[in-house]
Amino acid sequence: MLIEVVIILLKVGVIFVALLTTIAYTTYLERKVVAHIQHRIGPNIVGPFGLLQPVADAVKLLFKEEIKPAKADQFFYTIAPMLSFITACMTIAVIPVGNWLEIGGKRIELLISDINIGILYIFAMSSLGVYGIVLAGWSSNSKYSLLGGIRSTAQMISYEVSLGLGIIGVLLLSQTLSVAEIVRQQSGSIFNWYFFKQPIAFFVYFISAIAETNRSPFDLPEAESELVAGYHTEYSGMRFGIFYLSEYANMITVSAIAASLFFGGWNGPILPPVLWFVIKVVIFLFIYVWIRGTLPRFRYDQLMRFGWKVMFPLGLANLIITALILVMKS
Amino acid sequence: MSFAIFFILAIIAVGAAVMVITTKSPVSSALYLILVMCSLAGLFVLLGALFLAALQIIVYAGAIMVLFLFVIMLLNLRRDEYGHDSHIIQKYLGFVLVAVILVQGIVIIGWAMKDYSAASSLVSTEGTPGAGPAVDYNSAYWVARTLFTKYAYPFEVTSILLLAAMIGAVVIARKKRLPDIENEEG
């Protein structure tokens, strides 16, 4: 009993620290890659190749003076970044980062919790994540923040639908809601990956995921030319930092879900499973940054029209066709 | 252990529910309602109904309450904008209705307790629980099965109700928008 508890706590600790480190180095990756896309060098002063830049950034944010708007709603202003960060981190609990380890005859699954409704848990957490942004926008008592918060909420609610439709495409084939089980089904050959069976579902999922995480080219909530910085305009210091952390945490979990559901998760030849998982997630993060470096931002009405009139019908059509084929087969 | 967790969740749920109606700011009120939903989801987890718990959070805490908050924010309701309630009859009628509901609740819980003790004695005489076809409320399969076979009719009726509400919302939204667009273009 005690050993079980210790193992679970260790797993939570290791995965959380790994997530935080990945968040820190995703910012580095983003700055470096975008810099090279724009023919710059990027951070290269702090440490070799600028590798200590995230540490420097964190120290800077921690020691920065925090300015709170006097008319802000103190309580909600304080809890908004926390809500945002907690829900962003909690999703990772159901995603298997590797197969299993055997230590002293004990089999340790490399995921925090294998609940049989894992995917619904992911949906639940991502739908709670909206509150951080809503509250931040509302409690700052500033027009830019409020508009940014409302935009962002509308965007997240709209794209959550097509995000779900993309995932359900996989669910129809896998017949299970457990993420660990879905990854296990894709072992063996590369052609067992659900990407090859559900390519449309993957594109619907990934494009909606970019919108869901408020990233470029769908980063309207932070359109600096019209809204200063959107919902976190009035935040400074580490509170602002926490919003950034949660944005990156969301990017990482969304990439991890994409890797697990469509690209076989930790499955892969020769290299250890954990490494395969990390490679796949990093490739997705790179694509994220790549898209940011190449595409211009959408206009707000374009974004909404695209979400409801392209992504949603596409996801729905894919769902109906998949279901029809499954019924015909059985 | 689960007993302690039950009490913590129950106290949070009841306390938050009281705060929903006593707090003055609409936004806090909505947030306390979210807290109620989440602690109810926790109670579902304690009962072993993980699926229901997830749905509770997705549908109520996630979707419906976001829309609530959205409307409150758009209307920009702030603290104390309602002022004092001028309807005194409502106040006293409220007390009466609460008393009626309380009595009803006690009666229903009394019946349920009787049924429960009868059922539990039945289980203990039958031997190990779950000897028959086990209905696993944990899995989506069983919930879907009952929903689409036993409760198919109410399920479809509910969906028509929602469709009607949706069409209504679209109609109301269109009515106000159309003249504006025509003016801008014309």
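All values derive from a computational prediction rather than experimental measurement. Just so we're on the same page: letters track the sequence lines, and every chain starts at 1. For the numbers below, each heavy atom of this structure counts, side chains included, while hydrogens, waters and symmetry mates do not.
- Note that CG of A:Leu120 and CG of B:Leu55 are 6.0 Å apart. Values are rounded to the nearest 0.5 Å.
- Atoms CZ and OG, on A:Phe75 and B:Ser28 in that order, are 8.5 Å from each other to the nearest 0.5 Å.
- Of the atoms belonging to A:Leu177, it is side-chain heavy atoms, and not backbone ones, that fall under 4.5 Å from chain B.
- Residue contact with chain B, scored on non-hydrogen atoms closer than 4.5 Å, involves the side chain of A:Ile157 exclusively.
- Shown here is A:Ile3, whose CD1 atom has no more than 12 heavy atoms of other residues, nucleotides or ligands within 6.0 Å.
- Residues of residues 31-39 of chain B lying under 4.5 angstrom from chain A, judged on non-hydrogen atoms, are B:Leu31, B:Ile34 in numerical order.
- At a heavy-atom cut-off of under 4.5 Å, chain B is reached by A:Phe123, A:Ala124, A:Ser127, A:Leu128, A:Val130, A:Tyr131, A:Val134, A:Leu135 from residues 122-136 of chain A, listed in order of number.
- Annotation for A:Phe306: atom CZ counts as buried by contact number, over 12 foreign heavy atoms lying within 6.0 Å.
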